[in-house]
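What follows is a short report on a single structure.
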Amino acid sequence: MNIRIKDDTEHGNGTIYSFINCTILTMDNEDHYYPSGTIVIENDRIVDIGSSQDIVTRGHVIDMGNKIVLPGFINTHTHSPSPLFRGMADDLSLMDWLNKKLWPAEKNLTGEIAYWGTSQTCLEFLESGITTFADQYFYSESVAKAVETSGLRGFIAPSVFTNGSPETKDTIQAAVDFIEKYKGKEENTLIYPCIGPHAPYSCSSDVLKAVVEIASSYDLLIHTHISETMDENREIYELTGLTPTQYLDSLGILDQKVLAAHCIHLNQKDMEIFKEKKVRVSYNPVSNLKLVSGIMPFKELREKGILVSLGTDGAQSNNSLDLIKDLKTGVLIQKQQYNDATFISAKEALKMVTINGAKALDMDHEIGSLEKGKKADIIAMDMNKTNMNPLHRSVVSNLHSAIVYSADGSNVSDVIVNGKILMKDRQLMSMKRQEILKQTQKGAEVILKKAGLL
Ligand SMILES: [Zn+2]
């Protein structure tokens, strides 16, 4: 349940808050910056934003103490119950990690344990300023229940595999059941159903064709992995004579709206297809580094105008779920890859985790920037911290740099999603931290013990 801060200014039209004394980075098209700004929200939307002298405050007035206020971060790739597998199998090769550790442990998952693992993910997201995220996993009903309880905005894609998942043999039917349950209720639940064919190597062509039909009939975003490793490319080539991208395109997948994670091993033709079919890319630098998968060709994708957003991937292949920390790593390895310190400015980097994330989910008309009429998905960062000092607020690029290169999630102090205050001065309003930590620890012990890994 989400708890609103007690407000004695309920008006006929709903709850109104005025946040004053904000240093606002709107991240809108014109990059409006208000060093001393005010934001007014009514129910779930921003109804006024600008310099304090131009805005009439109303409703419940909250002084933000000159914190930096910006759109909530958007994480475009994760597997929600993943903290259950955190730290259980590090420093292994990909195939050993999957075959000997992750898959045996995953087999023991239950809906209830998945609920707590997802709750832990939501807790970590909330505490580090992620307000919207894209998930791909099974036990989607448990995942959705946990996300709904947290108050975050979740794009939940039930994973689809040819050989079934630990939850069910028929992942297509499970996906359809989930979609039927949640489609059309997004405004109330903040759960946006998607569909998640796991990868070209784990889904047969028949399964992928079925996904195309479901995505097209329900108008869904397809969330998948493409060309994460060279092994994947080799396997698909041996099977089809095509690259994973060309193979998915031949089956009609890329004619749908597609969010593709990783996209590391793409050739020129693949990137032409991405451009033509408007495939949205989720860049997952830390997971890619940890599993030694390779480095995404950012420059080539950018030159073609392909949209790049950022993902943490799951805690099993990242450990941390702090998107803003990953942003720094992701930018730095690209500078190194192209031997160019000027490649990707801090402002461009920040767009990756705000407006580009919104575009990747087809939600840029609602979220991703702070603008009048958009949904109130807002975070504040407390810059009065050791790692942020000194800070020269008169130069806006200094703020971009501070957030991308100096900050981490713990600088986020306040989180509002859909007009609801979920964290105030790092105090949680919707989630019970201790209970979640305890239950996740307990659940992780159960599944690891059953798998003989503890
Ligand atoms: Zn993934």
Side-chain angles (χ1 to χ4, degrees), residues 74-86 88-90 92-95 97-99 101-103 105-106 109 114 117-118 121 124-125 130 132-140 143 147 154-161 165-167 171 175 194-203 211 221-233 235-236 244-245 248 253 258-266 279-296 308-323 326 329-330 353 357 360-361:
I74 299 174
N75 179 358
T76 53
H77 185 63
T78 196
H79 307 285
S80 293
S82 66
L84 294 161
F85 312 109
R86 165 177 284 147
M88 65 156 204
D90 296 326
L92 291 175
S93 72
L94 178 67
M95 289 327 284
W97 173 67
L98 287 173
N99 289 321
K101 305 285 182 175
L102 185 66
W103 289 340
E106 265 186 347
L109 203 56
T118 303
T121 285
E124 294 184 52
F125 285 174
I130 295 167
T132 294
F133 68 98
D135 155 270
Q136 195 221 75
Y137 208 68
F138 33 93
Y139 283 115
S140 295
V143 167
V147 177
F155 283 70
I156 312 299
S159 292
V160 170
F161 304 87
S165 74
E167 181 191 9
T171 50
C194 308
I195 189 158
H198 174 259
Y201 58 87
S202 49
C203 296
V211 166
L221 182 72
I222 294 178
H223 182 178
T224 190
H225 300 92
I226 299 181
S227 284
E228 180 176 3
T229 63
M230 281 301 290
D231 283 346
E232 170 186 337
N233 280 31
E235 196 180 323
I236 297 299
T245 298
L248 291 174
I253 287 273
V258 173
L259 170 63
H262 307 305
C263 309
I264 295 169
H265 305 286
L266 303 177
V279 175
R280 309 103 197 255
V281 171
S282 177
Y283 172 39
N284 290 250
V286 174
S287 170
N288 299 155
L289 284 171
K290 186 159 178 256
L291 295 171
V292 202
S293 307
I295 303 176
M296 190 194 75
V308 177
S309 57
L310 197 80
T312 54
D313 212 344
Q316 69 275 63
S317 62
N318 181 327
N319 298 55
S320 160
L321 292 173
D322 186 338
L323 192 70
D326 288 10
T329 308
V353 292
L361 302 171

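Counting starts at 1 for both ligands and their atoms, in listed order. Quantities reported herein were computed from a predicted structural model and do not represent experimental measurements.
- Listed by chain and residue number, S140, A175, F178 satisfy the side-chain contact (heavy atoms from CB on, under 4.5 Å) test with P158 (two or more places apart in sequence, or in another chain).
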Requested in this report: Start with the C-alpha distance between D326 and T312, add both sets of side-chain angles, then the distance that settles side chain to side chain donor-acceptor pair (under 3.5 Å), and finish with yes or no.
Outcome: CA-CA 7 Å; D326 288 10; T312 54; 5.4 Å; no
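- In this view, L289 and T329, I333 satisfy the side-chain contact (heavy atoms from CB on, under 4.5 Å) rule, not counting sequence neighbours.
- Here H225 and H223 keep their ring centres 6.0 angstrom or further from each other.
- Considering only heavy atoms from C-beta on, V143 stays 4.5 Å or farther from F138 through its side chain.
- Neighbours of the Zn ion (ligand 1) restricted to protein N, O or S atoms under 2.8 Å: the count is 4.
- Every residue two or more places apart in sequence or in another chain was checked for a side chain to side chain donor-acceptor pair (under 3.5 Å) with E167, and none qualifies.
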